[in-house]
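To start, the structure itself, in structure tokens.
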Amino acid sequence: MSSVRIEIRGHDKPKTTTVIVQRSMDSLINAARNKLQLGNTKIAKIWNAVDKCEVTEEDLPDLKQGAVLIFSTKKDAIFDGRSSNKKTESNDPPVQKQSDKIKLVEYTDSDSEEDENNSSPMTSSDTDESEDEKPSSKETSVPCIECEDPACMRCEDCGDDFCTMCFRTIHMHGTRRYHKVRQFAEAKESLSSLLVTPTSNLICDRARYIPLRLELAERKSLRLLEGVIKSNAYTDRVDTTNHKNEQKRLFAQMKCIHSILCGLVVGRDYDKGRAITESTNFKVYEKFYRRVFEIGRRHKIMNPDRMRSEYGQLMYMLMDAETKHDDLGFSCINPIVTVKEYLTERGADKLLKDEHIVVATSEILSIGKSQYEVRHSIKQKEATVNHLARKYSNEKINEEEIKQCIYSISDNNAFLRESRDCCDIMIDYLKHYFSPTRVEDGFSLAISAGESGHRLTHNHERQFYYVLQSLTLWREILHNMFMLWYLCDVDLLQTRVNQYQLKDTGQGQHRVQQCPRVAKAMRSILHDVQVKVGGENWVGSSVVHLGDHNVPNAFMFIDKYGQISRILGPIVTTLRRVAELAENENLKTYVDDTFGGMDQLKKQILCDFFKSAFDGSGADNFFDAGSCIDGRLTSCWNWCQSITQKKFYSVFLLTGFVGFDGGFNHA
């Protein structure tokens with residue numbers, strides 16, 4: 001069936017949507033009513049904007065794909081046939097502000113019960129703001145022709161408006177890759193336009209793996225757990241070569257596990273802790289242990305920069321405790337509490353499909369916005385959160401718990417912006433400064449094995465696509481990081497059916513364990529990326545190392561790919577702050593004399609990174625590094641280690657660079 005675009009006029013304000021052509025006129029009108037939330041609004045006239053004629057039920061089978069129908073509430077309305085989504089004679093796209101990318105709905109505390117049962121509460125204006133602070137005009141939000149989310153660009157060749165994700169999907173192959181596009185609004189940093197606005201369906205899917213944010217009481221238990229794990233130094237005592245045989249190592253395991261279990265109870269209640277050290281009857285506190293250990297694992301997933309030394313020891317201790325299940329008499333493992341599971345158990349899972357969940361969980365960024373717009377967005381978001389909390393609270397879940405779930409999804413959005421979007425920005429830099437078919441003098445990406453430490457041989461075009469595919473793969477891994485972390489947690493802790501072996505992998509003693517769930521998810525992600533970028537043109541190996549001496553277990557995998565944002569983040573920050581150096585006359589002179597200008601400096605940094613960080617280096621053999629999936633990241637680590645030898649290292653320092661690893665001891 002073909003789909004048509006519907007425009008409603010004569011109502012409060014023009015609205016637009018896309019629907020599938022129905023067999024009858026009444027069905028078509030009802031479909032448009034449901035999408036545009038018109039209620040019982042009467043449609044008096046339907047006009048074909050292309051053929052410039054009135055549409056009847058007999059005309060429905062003849063409607064073509066993409067036809068534009070104007071629904072009018074006024075019977076005597078006359079239309080000139082031009083749609084608001086068609087290109088005007090001046091060929092200028094409508095201007096859309098950065099702040100209008102997400103349609104915000106504001107609620108007041110005085111909403112009636114009727115409003116709370118309605119999915120579209122009334123909006124109200126900010127009367128407390130002065131007239132001087134308000135913007136002079138408001139542009140109408142233009143919907144994407146595919147998904148109906150707010151569009152942020154127009155394809156000049158297609159003549160249609162798209163959001164970022166739909167534009168990339170449709171213009172991925174063929175001659176559409178070369179279509180010209182014009183942004184509706186330019187932020188202060190043009191590269192920040194790559195932020196993707198989530199939909200309610202996408203949020204519902206992601207919520208299956210988003211951990212629930214900790215409450216105050218849980219944070220107290222977390223501090224107790226961190227102190228006990230840090231003072232125990234579990235892996236230093238257990239995973240060493242000092243044990244003469246396996247029995248001595250097993251004895252050390254049980255001794256350390258008992259020490260941790262006793263320490264948790266002593267830290268909670270000294271008298272009870274003293275009693276349990278004498279009886280060692282830990283099963284009495286089984287629920288307490290399960291809850292505390294689950295809190296620590298959940299907190300780490302939500303905050304990857306926290307517990308960077310304690311988390312590994314915690315997971316390895318739980319692996320051994322699960323193996324010694326019969327000796328302890330109970331299991332220390334509780335499943336991770338996720339947002340969707342928490343809401344489903346309490347009968348409030350419809351919250352995730354509410355159309356306003358996008359507004360309630362969106363980040364409010366100051367890029368390209370005035371101070372008034374930022375304050376206004378904050379008020380609208382807070383009002384939306386309060387409305388959803390009132391609407392979906394029941395006997396099993398109160399308003400504060402609803403808000404806790406909403407804020408947990410917001411935390412996930414913040415994580416994606418901080419980690420995933422740096423890959424998008426680097427991809428944009430690659431496409432902006434380099435071309436696969438044109439080589440600029442002095443900025444060729446070609447590498448040759450044996451020269452400058454390179455282990456691969458690629459011409460300029462092949463290296464361009466190799467870098468593009470690697471960054472795209474990293475982006476998708478980071479986008480699905482919470483899902484991978486959830487699967488990693490399951491794979492690691494099922495040691496009764498998936499046992500590990502302590503081996504010397506060439507990088508010290510490591511626990512080598514198969515991780516079937518993570519491996520399956522990685523193969524799926526890799527396949528999707530290969531289809532997206534063109535599987536027949538995939539450059540390099542598709543081998544994913546898991547459960548071997550390169551990536552011994554799921555914990556090492558998640559720790560390895562968690563470094564991507566720590567590597568790309570400082571590079572993106574440096575490139576953004578290069579322009580600030582021009583404000584100082586002496587620094588500007590230094591950059592001009594040494595690098596030939598600010599733009600040349602950026603290209604030198606990017607050219608060196610795209611060549612030396614993706615050259616297969618970083619290991620003593622091709623199998624461990626090379627062009628495999630994990631070897632690409634190994635090469636990147638090697639480039640980071642050698643940055644102090646780069647000519648542009650002084651520029652990194654001038655822009656505030658301190659290192660790629662961030663804070664460790666206090667993280």
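A cation-pi geometry, defined here as NZ or CZ lying under 6.0 Å from the six-membered ring centre and within 45° of its normal, does not hold between Arg417 and Phe415. Relative to the six-membered ring of Tyr316, Arg511 meets both conditions, a distance below 6.0 Å and an angle of at most 45° to the axis. Seen from the ring of Phe330, Lys283 does not count as a face-on cation partner, given the 6.0 Å and 45° thresholds.
Distance alone, capped at 3.5 Å, places no donor-acceptor pair between the Glu286 side chain and the Phe282 backbone. Counting only distance, with no hydrogens or angles, the side chain of Asp421 and the backbone of Asp424 share no donor-acceptor pair below 3.5 Å. Side-chain atoms of Ser612 never come within 3.5 Å of backbone atoms of Phe609 as a donor-acceptor pair (strictly under, hydrogens ignored). With hydrogens and angles ignored, the 3.5 Å screen pairs a side-chain donor or acceptor of Asn480 with a backbone N or O of Glu476. A distance-only check finds no donor-acceptor pair linking the side chain of Ser524 to the backbone of Lys520 [under 3.5 Å]. Of the possible donor and acceptor atoms, none in the side chain of Glu322 sits under 3.5 Å from a partner among the backbone N and O of Gln494. Between the side chain of Asn334 and the main chain of Glu294, no donor-acceptor pair closer than 3.5 Å is present. Proximity of a side-chain donor or acceptor of Lys396 to a complementary backbone N or O of Gly347 within less than 3.5 Å is not detected. Side chain of Arg517 to backbone of Cys488: no donor-acceptor contact under 3.5 angstrom is found. Looking only at distances, a side-chain donor or acceptor of Gln313 sits under 3.5 Å from a matching main-chain atom of Tyr234.
Here His479 contributes atom NE2 and Ser419 contributes atom OG; the two are 10.5 Å apart, rounded to the nearest 0.5 Å. Distance check, rounded to the nearest 0.5 Å: CD1 of Ile564 to CD1 of Ile477 gives 5.5 Å. The CD atom of Glu215 sits 12.0 Å away from the NZ atom of Lys220 when rounded to the nearest 0.5 Å. Taking CG of Asn245 as the reference point, atom CZ of Phe251 lies at 12.0 Å (rounded to 0.5 Å). One distance of note links OG of Ser231 with CD of Glu310; it measures 10.0 Å at 0.5 Å rounding. Note that the CG atom of Asp491 and the CE atom of Met319 stand 10.0 Å from one another [nearest 0.5 Å].
Electrostatic pairing of Arg297 and Asp489 counts as a salt bridge here, judged by a charged N lying under 4.0 Å from a carboxylate O. A salt bridge links Lys391 with Asp354: at least one charged nitrogen is closer than 4.0 Å to a carboxylate oxygen. Ion pair Arg566/Asp305 flagged as a salt bridge, since at least one NZ, NE, NH1 or NH2 atom sits closer than 4.0 Å to an Asp/Glu carboxylate oxygen. Salt-bridge formation is detected for the pair Asp239/Arg249: a Lys NZ or Arg NE/NH1/NH2 atom is positioned less than 4.0 Å from an Asp or Glu carboxylate oxygen.
No side-chain heavy atom of His510 sits less than 4.5 Å from a side-chain heavy atom of Asn553. The shortest distance between side-chain heavy atoms of Tyr311 and Arg306 does not fall below 4.5 Å. Taking the side chain as every heavy atom from C-beta outward, Lys300 and Arg308 approach each other to under 4.5 Å. Contact of the Pro516 side chain with the Asn498 side chain is registered, since non-hydrogen atoms from C-beta on lie closer than 4.5 Å. Between Trp639 and Ile571, some side-chain heavy-atom pair lies under the 4.5 Å cut-off. Two residues are said to be in side-chain contact when any heavy atoms from C-beta on lie closer than 4.5 Å; Thr338 and Tyr342 fail this criterion.
Within a 6.0 Å radius of CD in Glu418, other residues, nucleotides and ligands contribute 12 heavy atoms or fewer. No more than 12 heavy-atom neighbours from other residues, nucleotides or ligands sit within 6.0 angstrom of CZ on Arg208. Around the NE2 atom of His527, the shell of radius 6.0 Å holds no more than 12 heavy atoms that belong to other residues, nucleotides or ligands. Atom CD of Glu246 sits in a crowded spot, with more than 12 heavy atoms from other residues, nucleotides or ligands closer than 6.0 Å.
In summary, of the residues considered (Arg223, Arg291, Arg298), a salt bridge (charged side-chain N to carboxylate O under 4.0 Å, His left out) with Glu218 occurs for Arg298 alone.
Counting only N and O atoms by type, the side chains of Ser617 and Arg455 include no donor and acceptor under 3.5 Å apart. With hydrogens and angles left out, the side-chain atoms of Gln509 and Lys503 include no donor and acceptor closer than 3.5 Å. Between Asn398 and Ser393, the side chains place no donor N or O within less than 3.5 Å of an acceptor N or O (distance only, hydrogens not considered). Side-chain contact annotation: Asn413 with Arg206, donor-acceptor N/O pair under 3.5 Å present. Between Tyr466 and Asp615, the side chains place no donor N or O within less than 3.5 Å of an acceptor N or O (distance only, hydrogens not considered). Counted by atom type alone, Thr323 and Gln499 present zero donor-acceptor pairs between their side chains at under 3.5 Å.
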Next item on the list: Run the numbers on Phe557 and Val518 for side-chain contact (heavy atoms from CB on, under 4.5 Å), then give the verdict.
Entry: CA-CA 9 Å; Phe557 165 84; Val518 176; 3.6 Å; yes

Notebook entry, point to check: Run the side-chain contact (heavy atoms from CB on, under 4.5 Å) check on His299 and Leu225 step by step: do they pass?
Noted result: CA-CA 11 Å; His299 175 73; Leu225 176 64; over 6 Å; no

Next item on the list: Could you go through the side-chain contact (heavy atoms from CB on, under 4.5 Å) check for Leu343 and Lys350 one step at a time?
Entry: CA-CA 8 Å; Leu343 290 172; Lys350 291 184 179 180; over 6 Å; no

Item checked: From CA spacing to verdict: side-chain hydrogen bond (donor to acceptor under 3.5 Å, both in side chains), Asn394, Arg346 -> CA-CA 8 Å; Asn394 54 45; Arg346 291 157 178 79; over 6 Å; no

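Shortest non-hydrogen contact noted between Gly540 and Trp538 is O-CD1, 3.4 Å. Scanning both residues, Ser635 and Ala613, for their nearest heavy atoms gives CB-O, 3.3 Å. Closest heavy-atom contact between Ser542 and Leu526: O-CD2, 3.5 Å. The minimum heavy-atom distance between Arg632 and Ser470, with the atom names listed, is NH1-OG, 2.8 Å. When all heavy atoms of Ser565 and Pro570 are compared, the pair lying nearest together is O-CD, 4.0 Å. The shortest heavy-atom contact between Ile567 and Cys636 is CG2-SG, 3.9 Å.
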Can you list, pair by pair, the side-chain donor-acceptor contacts under 3.5 Å of residues 254-276, counting residues two or more places apart and other chains?
residue : atom : partner : partner atom : Å
Ser259  : OG   : Asn232  : ND2          : 3.4
Asp269  : OD1  : Asp271  : N            : 3.2
Asp269  : OD1  : Lys272  : N            : 3.3

Using atom types as modelled, flag every donor-acceptor pair under 3.5 Å from a side chain in residues 402-410 to any protein atom, sequence neighbours excluded.
residue : atom : partner : partner atom : Å
Lys403  : NZ   : Asn386  : OD1          : 3.0
Gln404  : NE2  : Arg213  : O            : 3.0
Gln404  : NE2  : Leu214  : O            : 3.1
Ser408  : OG   : Arg213  : N            : 2.7
Ser408  : OG   : Gln404  : O            : 2.8
Ser410  : OG   : Thr361  : O            : 3.4
Ser410  : OG   : Ile406  : O            : 3.2

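Annotation: Tyr486 is not in aromatic contact with Phe482 [ring centroid separation under 6.0 Å not met]. For Trp474 and Tyr561, the ring centers sit 6.0 Å or farther from each other.
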